[in-house]
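Just so it is clear: chains get the letters A, B, ... in the order the sequence lines come, proteins before strands, and each one is counted from 1. Note that the structure is a prediction, hence the values are computed from the model and not measured. These numbers come from the heavy atoms of this one structure, side chains and all, not from hydrogens, waters or symmetry mates.
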Protein chains: 2
Amino acid sequence: MSTSASTPRRRGPRRSLTREALVDAALDLLDEAGWAGFSLRAVGNRLGVDPNTLYTYVADRAALEREVAERVLAETDPAALEDVATPWRDRVLRYAGRLRATLLRHPGAARLLTTAPMDGPTALLIGERLMDALAEAGLDADDAARASYALMVQVLGAVLLEVAETDGRHPLPSEPERIAARRAGFDTVDAGAWPRTAAASATMAAWISGEQFTWSLDRLLDGLVPCS
Amino acid sequence: MSTSASTPRRRGPRRSLTREALVDAALDLLDEAGWAGFSLRAVGNRLGVDPNTLYTYVADRAALEREVAERVLAETDPAALEDVATPWRDRVLRYAGRLRATLLRHPGAARLLTTAPMDGPTALLIGERLMDALAEAGLDADDAARASYALMVQVLGAVLLEVAETDGRHPLPSEPERIAARRAGFDTVDAGAWPRTAAASATMAAWISGEQFTWSLDRLLDGLVPCS
DNA sequence: ACCTGAACACCGTTCAAGT
DNA sequence: ACCTGAACACCGTTCAAGT
């Protein structure tokens, strides 16, 4: 795992390192090594550069983490929320699925959304577009704002809990594998003390599934739009 | 901040340190110093003991973190969900509020719920009791299981995003203070590019409020119980 | 402006040794 | 069984120095 200090991965004439390349390297490292393996020194090593060099491009580790979070959020392509040809509800559900899929491709980066306020430009864009969709659904300005947050909380909360059960390295075990592992965990629960848990263990094992994810969002959307 | 190594906080005859006292000290440290200030060495120092002593009581840092998470979850007093005298919906809303309040009292510990699977005894208890309440609401076993997870995701997601905007030290600034700080952040958004954000900035500043928390849960519950 | 080398004050974890 | 002391392989960050 640890490369000898005298042979960093890339050595040669000072290439013009850019801030973007730094963020890319940080995300790549996060994907490969997970949250536990992420450090400024390892990022520097990956770029063939002394760790303190990174301070030319970024104020500190926290600032780099914010940049990575912003980059991952941008990768979800929120422009998909602007396709007004598709009905608002499909638009929201489709984008939510994209957001989940993107974060699952970068499980080590997912928790960065919890490390700093989500106040970047992409978060702003997502909020505005969600409010567009919800206004189209008939909500007034206040309810649209509140509803958009409820949706983001449901999406991000689900992904964060899902990712918490992994080591944060890409690629994650397949969904069926992760469900099976959870199911094995439920085999030992005392059915006398926890009858509902024992009876619903298959459903509960699938709490981290895409099916549960969509089901929850559907129910939330049912509650958000006026009960017709 | 750093106490001299030769004068740890408590010195004397070897007191019988217990695992419970260790978890207490860890949680106290987390409250005082936040996530950033949490380390095994600092916990040891607080207990007047060498850091490696902790390994007598706990396998490693991750195990200690799981114990702290379990302890905080237990502090929410899930027995409140067993008061069948109050209607199921009030029971759920009241417990959700307690869970949020407890995590906000331990903001540094909140993120520990995202660090490891929530498969402890208290999580099991909460799930079972939520399913009790949802069965009372008329949901079948499968829907009750799914609905209980949707509720936990909404509650924990909201708290995690709320806590992400703080330094994780207890006590947090008051809710009005935190809302005001968020509001100031929205003052700089371009109303031309983001008209809905600009118009709803007061509501969006209050996304982290208890009012939004309850509103979201109410809407979710509306969607979870059959539209009568 | 960008990078290096060395240093500072930390980490988690291990191991042999003491009581 | 419990704790110490020393060590190992790491951290983030700073600073003076080189180009």
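Of the possible polar contacts, one joining the B:D190 side chain to the B:G192 backbone as a donor-acceptor pair under 3.5 Å is found. Side chain of A:E211 to backbone of A:A206: no donor-acceptor contact under 3.5 angstrom is found.
Around CD of A:E20, the count of heavy atoms belonging to other residues, nucleotides or ligands within 6.0 Å does not exceed 12.
Residue contacts for B:R61: at a heavy-atom cut-off of 4.0 Å it reaches the sugar-phosphate backbone alone, with no base atom in range. Here A:S39 lies in heavy-atom contact (under 4.0 Å) with sugar-phosphate atoms only.
With both pairing distances under 3.5 Å, C:dG5 is matched to D:dC15 as a Watson-Crick or G-U wobble pair. With a 3.5 Å ceiling on both atom-pair distances, C:dC10 lacks any Watson-Crick or G-U wobble partner.
Counting only heavy atoms from C-beta on, B:R41 has its side chain closest to C:dG12 among C:dG12, D:dT13, C:dA6. Picking from C:dT4, D:dT4, D:dG12 the nucleotide with the shortest atom distance to the side chain of B:T53 gives D:dT4. Side-chain proximity of A:L40 to the nucleotides D:dT13, C:dT13, D:dC3 is greatest for D:dT13.
Atom CD of B:E65 and atom C1' of C:dC11 are 13 Å apart (whole Å). Distance CG (B:N45) to C1' (C:dC10): 13 Å, rounded to an integer number of Å. Between A:L47 atom CG and C:dT4 atom P there is a gap of 11 Å when expressed in whole angstrom units. In this structure, B:W35 places its CH2 atom 14 Å from P of C:dC11, rounding to the nearest Å. Atom pair B:Y55:OH and C:dA17:C1' shows a separation of 19 Å (rounding to whole Å applied). In this structure, the CG atom of A:D50 is 16 Å from the P atom of D:dT14, given to the nearest Å. Here C:dA6 presents its P atom at 12 Å from CG of A:N52, a figure rounded to the nearest Å. Across the protein-nucleic acid pair, B:L54 atom CG and C:dG12 atom P stand 9 Å apart, rounded to whole Å.
By the 30° and 60° cut-offs, the orientation of the rings of B:F186 relative to B:W207 is perpendicular.
Classification of B:R169 and B:D31 as a salt-bridged pair fails, no side-chain N sitting under 4.0 Å from a carboxylate O.
Neither OP1 nor OP2 of C:dC2 sits under 4.0 Å from any side-chain N or O of A:Y57. In this model, the phosphate group of D:dA1 is not approached by any side-chain N or O of B:T56 to a distance below 4.0 Å at OP1 or OP2.
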